[in-house]
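First up is the structure itself, then whatever we jot down about it.
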Number of protein chains: 2
Amino acid sequence: MNLINLFTLLRSVKIRSARKGEILIAQGATTQEVFFIRKGIVRSFSIHDKGEEITFQLYAENSVFSNVHGVLFGTASQFNYQTLEDSKFYTIPYTTMMEITQKNSELLEWNRTFFGVRIIQQAFQRVESFVFLSPEQRYMKFAKDHPVLVNRVPDKYIAHVLGITPVSLSRIKRRIAHKRR
Amino acid sequence: MNLINLFTLLRSVKIRSARKGEILIAQGATTQEVFFIRKGIVRSFSIHDKGEEITFQLYAENSVFSNVHGVLFGTASQFNYQTLEDSKFYTIPYTTMMEITQKNSELLEWNRTFFGVRIIQQAFQRVESFVFLSPEQRYMKFAKDHPVLVNRVPDKYIAHVLGITPVSLSRIKRRIAHKRR
DNA sequence: GCAGGGTGTTAACAAAAGATAATTTGCGTT
DNA sequence: AACGCAAATTATCTTTTGTTAACACCCTGC
């Protein structure tokens, strides 16, 4: 990686903080900012009938998120992205990131891994969990894969990520607890 | 697109036929062949407890499929890919396709659209349907999005794609039919 | 310390889904 | 036309989930 690109990259990276509860990207926005979470937790959600908020995804430290609909599909964001804790991020415009990484083979690979394969892989595994697993098995897998989230995020958000209601998740947890004995 | 690349591309494309029921890619295989369906229908499925086959995805004419696990993640195929009708394909090795398309800006865009964004988009929409929709709504969306599949594919396969059992799908169809009156 | 809001658990009931088996339907073959 | 097979439907029963509401708990702010 040459120095010019490195400087371009560094100059484009911004540091951003947000208090718990802040909306980073609003539904309908066309932001193309890519967020790397240094500290904190973020959820994406959309609003349905009667104003009910349904959480779609959760992100913790060291993971990357962005307005997928904007960056990948060129449409307005379907989701709100909101912090669940006081948080710190690095951000960089998507286009800048693409420009820089495309000039650089190592970074291109990193970029591909992060923004292509990684996202596909996550989405695929998630679909598989819906097709092949019961809600109970889905929760156990989630707890195994994301212990950090299980301990720090309210269950009501996790329930929707699993495609069930908070009440049902509570019952599932009780069933699992009873089985362990 | 220059002639050399065009010839390379054409030389690499193979025509393949398969009778109904044939396995094109077997679970555990490392094939990196990309299939374009000229005619016919293909399902991907994996085998679970008691040898039960669970269908994961269905593909109809003009769509592209491949051993996702091999091509994108570098692992053995988790699925069998099987024809549900007598079928005809164009096939091309994934690496060849990547090599050629990376030298060509128009094709690169096509490739990106098909193999990056398109696949992510499908996977994403599918996850959204599991998180936001009930099984009944999921079926109605599926029927709207894939009328061809609804008419030509046995319901038992569609049921698993929707994450439910064939019996349940039958009941859902009855419920919907009754509502229409 | 107390009040209030949000979160998790439990209850009660209705609706839906899973499991299993029997029955019917549809379709291709002979 | 009759047969046979697979798919779809229906039936029965059990389990799970959704829905709504009550309640307990915790935590925060005042």
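The chains referred to below are lettered A, B, ... by the order of the sequence lines, with proteins before strands, and numbering in each begins at 1. Computed from a predicted structure; not experimentally measured.
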Q | Nearest-neighbour nucleotide for the B:P154 side chain, C:dT7, D:dA7, C:dG8 considered | A | D:dA7

Q. In terms of side-chain geometry, is the basic nitrogen of B:R19 or B:E85 positioned less than 4.0 Å from the acidic oxygen of its partner?
A. no

Q | Integer-rounded Å distance: C:dG26 C1' and B:N151 CG | A | 16 Å

Q: In whole angstrom, give the distance that lies between atom CD1 of A:I172 and atom C1' of C:dA17.
A: 14 Å

Q.
Can you see whether B:Y90 has B:R38 sitting over its ring - NZ or CZ less than 6.0 Å from the centre and within 45° of the normal?
A. yes

Q) Can you tell me how far P of C:dG6 sits from CD of A:E53, to the nearest Å? A) 11 Å

Q | Nucleotide D:dC5, atom C1' - distance to NZ of B:K156 in whole Å | A | 11 Å

(Q) Does the structure place the NZ or CZ of A:R43 under 6.0 Å from the centre of the six-membered ring of A:F56, at an angle of no more than 45° from the ring's axis? (A) no

Q: Would you tell me if any nitrogen or oxygen in the side chain of A:R171 comes within less than 4.0 Å of OP1 or OP2 on C:dT10?
A: no

Q: Measure up the B:F65 and B:F35 rings against each other and bin them: parallel (under 30°), tilted (30 to 60°), perpendicular (over 60°).
A: parallel

Q: Could you tell me the separation between the CG atom of A:L162 and the C1' atom of D:dG18, rounded to a whole number of Å?
A: 16 Å

**Q.** Nearest listed nucleotide, side chain of A:V167, among C:dG18, D:dA8, D:dT20
**A.** D:dT20

Q) B:K20 has an atom NZ; how far is it from atom C1' of D:dA6, in whole Å? A) 10 Å

Q) Hey, is the side chain of B:T165 poking within less than 4.0 Å of OP1 or OP2 on C:dA17, counting only N and O atoms? A) no

Q: Please determine if a side-chain N or O atom of A:R175 lies less than 4.0 Å away from the OP1 or OP2 oxygen of D:dT17.
A: yes

Q | B:E136/B:K141 ion pair, N-O < 4.0 Å | A | no

Q: With the side chain of A:S168 defined as its heavy atoms from C-beta on, choose the nearest nucleotide among D:dG18, D:dA8, C:dA19.
A: D:dG18

Q: Map A:P135 and B:Y157 onto DNA chain D by nearest heavy atom, then report which one ends up closer to the 5' terminus.
A: B:Y157

Q: Would you kindly give the CD1-to-P distance between A:I164 and C:dG8, to the nearest whole Å?
A: 13 Å

(Q) I need the CZ-C1' distance between B:R174 and C:dT25, as an integer number of Å. (A) 16 Å

Q. Under 4.0 Å between a side-chain N/O of B:S170 and OP1 or OP2 of D:dA8, yes or no?
A. no

Q) Is any side-chain nitrogen or oxygen of A:K173 closer than 4.0 Å to OP1 or OP2 of C:dT9? A) yes

